[in-house]
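Would you mind keeping the following structure in view while I ask a few things?
Throughout, a chain's letter reflects where its sequence line sits, starting with A, and its residues are numbered from 1. We use all heavy atoms of the structure for the numbers below, so side chains are in, but hydrogens, waters and symmetry mates are not.
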Protein chains: 2
Amino acid sequence: MASGNPAQARRRARQSPDERRKQLIGIGLEMLTTRPLHQITIDEVAAEAGISRSLLFHYFPTKRDYYADVVRAGSRRLLRATRVEGDSIDDVVAGLLSFIERRHEPYIALFRSSGTDDWVHEIFRDTRAALTDQVLTALDIAQPSELVRAAVGAWLAYAEELTLEWAQHGTGTRERVHTLLTGALEHIVRAAR
Amino acid sequence: MASGNPAQARRRARQSPDERRKQLIGIGLEMLTTRPLHQITIDEVAAEAGISRSLLFHYFPTKRDYYADVVRAGSRRLLRATRVEGDSIDDVVAGLLSFIERRHEPYIALFRSSGTDDWVHEIFRDTRAALTDQVLTALDIAQPSELVRAAVGAWLAYAEELTLEWAQHGTGTRERVHTLLTGALEHIVRAAR
DNA sequence: TTAATTATCGAGCATTGCTCAATAGCGACG
DNA sequence: CGTCGCTATTGAGCAATGCTCGATAATTAA
């Protein structure tokens with residue numbers, strides 16, 4: 001199943017903590033592309049890494065902590081993807097579209113399965129807050145009121161939903177969706193002021 | 001903790017299957033007001049009902065099936081709450097606002113904790129689809145294009161997000177939120193046509 | 001070479017979803 | 001009123017899984 005090196009190799013191949021952490025989180029991220037978070041068991045991760053369960057608990061005090069680190073890593077990817085494109089609002093929207101288009105599977109696995117517990121949702125909120133900041137910056141809104149912030153945050157929910165629908169079922173063209181998103185954003189921000 | 005009758009009473013108090021089902025689902029719904037879905041264990045439900053774990057599996061072949069029935073029951077409540085108010089779009093929005101205002105805790109517990117597995121999200125989608133129909137009817141849109149349907153569905157995400165924010169942190173007044181929602185809906189539908 | 005550090009493992013515990021054979025409450029029928 | 005059948009109900013037990021803990025071996029410092 002899981003690709004890569006089975007890493008059964010020799011026993012007791014000692015590695016530096018940093019390497020191990022990266023490896024384990026990398027495995028988690030890769031598994032996330034296949035199944036939702038809560039379906040990833042410690043046993044599987046350990047097996048894929050070629051280590052014992054115990055070692056994973058040596059690096060991550062609890063399963064939650066491991067999950068949290070994996071999800072955080074995934075979030076960072078998303079934020080990076082929307083930032084590289086540029087600073088205009090069109091760039092941010094384009095970045096979001098591209099990211100979800102290419103990775104809607106893992107995206108869903110990441111955030112739609114937030115339910116595992118509040119802590120995932122917290123990370124999700126942090127990510128969305130960061131995205132909100134990006135959007136506000138792109139709109140040249142320096143000191144938004146609470147309501148504007150909330151409205152933009154909610155618009156992100158709208159954007160995600162519509163984009164996922166498009167990515168999954170091909171509802172409309174990419175340009176159309178893009179236009180709808182920017183149009184809605186403009187309207188929403190104007191109305192919330 | 002959990003209120004109600006501990007039901008320890010006499011052992012082997014035989015009941016009709018219908019009663020038992022209702023009782024168990026009721027317990028699930030009540031527990032949902034306290035914690036997210038996935039934190040509800042069969043043991044607890046059984047204990048609260050005063051029966052053995054095994055009996056629960058007699059009525060619900062698997063934990064998922066039990067959860068699914070509980071969530072469906074919760075969804076029905078939501079749909080009822082938005083329908084009683086009336087037929088106009090203002091009524092639907094008002095119903096949504098009222099429901100989330102009064103029950104944002106259980107609402108979150110219901111749907112934000114979808115992660116347990118795809119099946120919850122399916123029920124969630126069904127519920128949202130039904131809500132979408134209500135909205136479309138209220139807007140007098142008989143045969144919406146796929147894009148319009150998708151846009152309205154995504155607007156529901158926007159509405160939920162903004163309403164939850166308002167209900168939880170008091171961002172803006174109720175009237176303001178109401179206006180924002182109807183305004184955004186109008187704009188979105190017009191743009192998607 | 002020896003000592004200290006710590007990455008790594010194996011065995012084992014507790015919880016939890018789930019199975020299955022046995023038991024007991026309740027209605028039907030003589 | 002007895003007894004028989006149906007099935008609601010139970011208890012013991014299995015398997016998976018998160019997690020703990022003492023022991024061990026690889027690496028580094030002295």
d(CD1, A:I42; P, C:dC9) in whole Å:
15 Å
Side chain of B:R53 only, please: which of D:dG13, D:dA8, C:dA7 is the nearest?
D:dG13
Do A:W166 and A:E101 have side chains that approach each other closer than 4.5 Å (heavy atoms only, starting at C-beta)?
yes
Is B:T62 touching bases, backbone alone, or none of the nucleic acid, heavy atoms closer than 4.0 Å?
sugar-phosphate
Could you tell me how far apart B:F57 (CZ) and C:dA21 (P) are, to the nearest whole angstrom?
17 Å
Using only heavy-atom distances, determine whether the side chains of A:R174 and A:S98 contain a donor-acceptor pair under 3.5 Å.
yes
Establish, with yes or no, whether the OP1 or OP2 oxygen of D:dA8 is under 4.0 angstrom from a side-chain nitrogen or oxygen of B:H58.
yes
Heavy atoms from C-beta onward define the side chain here; which of C:dC9, D:dT20, D:dA8 lies closest to that of A:L55?
C:dC9
Could you tell me the separation between the NE2 atom of B:H38 and the C1' atom of D:dT17, rounded to a whole number of Å?
17 Å
Worked check of side chain to side chain contact (heavy atoms under 4.5 Å, CB included) between A:V135 and A:L139
CA-CA 6 Å; A:V135 171; A:L139 290 175; 3.9 Å; yes
Do the side chain of A:R14 and the base of C:dT6 come within less than 3.5 angstrom through a donor-acceptor pair of N or O atoms?
yes
Taking only side-chain N and O atoms of A:R64, does any of them lie within less than 4.0 angstrom of OP1 or OP2 on D:dG18?
no
Round to the nearest Å and state the distance from B:R21 atom CZ to D:dT9 atom C1'.
15 Å
Specify the separation, in whole Å, of atom CD1 of A:I51 and atom C1' of C:dT6.
15 Å
Under a plain distance cut-off of 3.5 Å, with no hydrogens placed, do A:T171 and B:E146 share a side-chain donor-acceptor pair?
no
Integer-rounded Å distance: C:dC18 P and B:D65 CG:
9 Å
To the nearest Å, give me how far apart CD (B:Q39) and P (C:dT15) are.
16 Å
Does B:S54 put a side-chain nitrogen or oxygen below 4.0 Å from OP1 or OP2 of C:dC18?
no
Would you tell me if any nitrogen or oxygen in the side chain of B:Y66 comes within less than 4.0 Å of OP1 or OP2 on C:dG17?
no
Note: B:L156 and B:L96 closest approach over all heavy atoms is CD2-CD2, 4.3 Å
From CD of B:E19 across to P of C:dC26 the rounded distance in Å is 14 Å
